[in-house]
Chemist: 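A single structure is presented below for examination.
When reading the values below, keep in mind they use all heavy atoms of this one structure, side chains included, and skip hydrogens, waters and symmetry mates.
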Amino acid sequence: MTKQYSCADYGWPSLKHPTVMAIAQDLGYQGLDIGIFGEVTHVNVSDLERRRQKSAGINRHLSTMGHQCSDVFLIPSVDLSCLTPSHPDPVQQAEAIRIFELAALLDGNLQASGLTTCPGVMHEGDTYPQALRRAAKSLRARVEIASCHGLELSVEPHWGS
């Protein structure tokens, strides 16, 4: 069995997306992880509203370079305290779920097998058990959404999560 490796497209934020794909191809990667980090990556949260157009363009570039999308890594805001599974505000939770659903649709259009997100941070006034319960409940909803789209959900903890 041959192992396949993937390369993250968000490692070269100042390069154009097709250039990043070409570099990954030159390095011998078959897969590309697509990062959606707020509005600072090649694919950003506002692109999710135009997911069909965006995924068609990404798929065209991936195919040209002999890549496949291996994973989509969603961080809805570069402020890691906003739009997270651990956020106490129901309005932020609802918007975060809406963005997650759009990312799952994009992910499906890209024919990736997985979607990755972060658990969030503790908020002022939270105890660790409260934040953990809230994150677990919200992540459970994301597991269900991902599963409905045939995706595996991965959670990547970060400093402070």
Side-chain angles (χ1 to χ4, degrees), residues 3-11 17 29-63 67-161:
K3 290 190 179 202
Q4 292 188 5
Y5 296 95
S6 64
C7 180
D9 73 339
Y10 44 90
H17 212 198
Y29 289 100
Q30 294 88 22
L32 198 68
D33 294 344
I34 305 290
I36 305 172
F37 301 168
E39 298 298 318
V40 301
T41 44
H42 297 101
V43 181
N44 52 55
V45 170
S46 61
D47 288 331
L48 295 175
E49 300 290 349
R50 305 182 326 254
R51 69 188 167 279
R52 284 189 185 90
Q53 297 159 283
K54 192 65 177 181
S55 62
I58 294 169
N59 277 330
R60 187 173 49 256
H61 289 303
L62 288 169
S63 178
H67 295 306
Q68 62 186 37
C69 180
S70 50
D71 189 72
V72 170
F73 190 0
L74 173 66
I75 300 176
S77 172
V78 293
D79 177 347
L80 296 178
S81 67
C82 295
L83 300 170
T84 66
S86 66
H87 205 286
D89 180 6
V91 173
Q92 287 240 353
Q93 282 283 349
E95 178 63 3
I97 288 290
R98 185 186 77 79
I99 292 168
F100 187 87
E101 288 174 330
L102 290 172
L105 288 168
L106 175 76
D107 202 327
N109 288 348
L110 294 176
Q111 300 173 335
S113 60
L115 182 55
T116 300
T117 196
C118 294
V121 299
M122 285 183 50
H123 292 270
E124 190 174 324
D126 272 348
T127 64
Y128 181 79
Q130 287 171 324
L132 185 61
R133 275 193 302 276
R134 189 179 315 110
K137 180 180 178 185
S138 186
L139 287 168
R140 189 175 308 121
R142 286 164 173 77
V143 167
E144 291 173 12
I145 293 165
S147 179
C148 286
H149 293 279
L151 303 169
E152 292 181 9
L153 177 67
S154 298
V155 179
E156 185 171 304
H158 52 85
W159 181 257
S161 65

Chemist: Is it true that Ser81 and Asp79 share a donor-acceptor pair across their side chains at a distance under 3.5 Å?
Modeler: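 Looking only at side-chain atoms, Ser81 and Asp79 do form a donor-acceptor pair, the distance falling under 3.5 Å.
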Chemist: Apply the test side-chain contact (heavy atoms from CB on, under 4.5 Å) to residues Thr117 and Leu139: give CA-CA distance (whole Å), side-chain angles for both, the deciding distance (0.1 Å), then the verdict.
Modeler: CA-CA 9 Å; Thr117 196; Leu139 287 168; 4.1 Å; yes
Chemist: Is the CD atom of Glu152 crowded by more than 12 outside heavy atoms at less than 6.0 Å?
Modeler: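 Check fails, neighbour count at 12 or below.
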Chemist: Using every non-hydrogen atom in the two residues, find where Ser86 and Arg134 come nearest and quote the distance to one decimal.
Modeler: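 Looking at all heavy atoms of both residues, the closest pair is O-NH1, 2.6 Å.
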Chemist: For Ser138 and Arg142, does a side-chain donor sit closer than 3.5 Å to a side-chain acceptor?
Modeler: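 Side chains of Ser138 and Arg142: pair found under 3.5 Å.
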Chemist: Which atom names give the shortest non-hydrogen contact between Val155 and Cys118, and what distance separates them?
Modeler: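 Here Val155 and Cys118 meet closest at CG1-C, 4.3 Å.
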Chemist: With respect to Ile36, which candidate in Leu106, Asp47, Leu102, Ile75 satisfies the side-chain contact (heavy atoms from CB on, under 4.5 Å) definition?
Modeler: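 Option passing the side-chain contact (heavy atoms from CB on, under 4.5 Å) with Ile36: Leu106.
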Chemist: Which heavy atom in Met122 sits nearest to a heavy atom in Ala131, and how many Å separate them?
Modeler: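 Heavy-atom minimum between the residues: CG-CB, 3.6 Å.
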Chemist: Does any part of the side chain of Leu151, heavy atoms only, come nearer than 4.5 Å to the side chain of Ser113, both counted from C-beta?
Modeler: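 Ser113 vs Leu151: side chains apart.
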Chemist: Does Glu101 come within less than 4.0 Å of Arg98, counting only side-chain N to carboxylate O?
Modeler: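 No salt bridge links Glu101 with Arg98.
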Chemist: Which atoms form the tightest heavy-atom contact between Leu153 and Ala146, and what is the distance?
Modeler: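 Heavy atoms of Leu153 and Ala146 come nearest at CB-CB, 4.2 Å.
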Chemist: For residues Gln30 and Ser6, determine if any side-chain heavy atom of one lies less than 4.5 Å from a side-chain heavy atom of the other.
Modeler: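 The answer is no, as the side chains (C-beta and beyond) never meet within the 4.5 Å cut-off.
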Chemist: When the ring centroid of His61 is compared with that of His17, is the distance short of 6.0 Å?
Modeler: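 No, the ring centres sit 6.0 Å or more apart.
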Chemist: Does some side-chain heavy atom of Val45 sit less than 4.5 Å from a side-chain heavy atom of Glu39?
Modeler: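 Sidechains of Val45 and Glu39: in contact.
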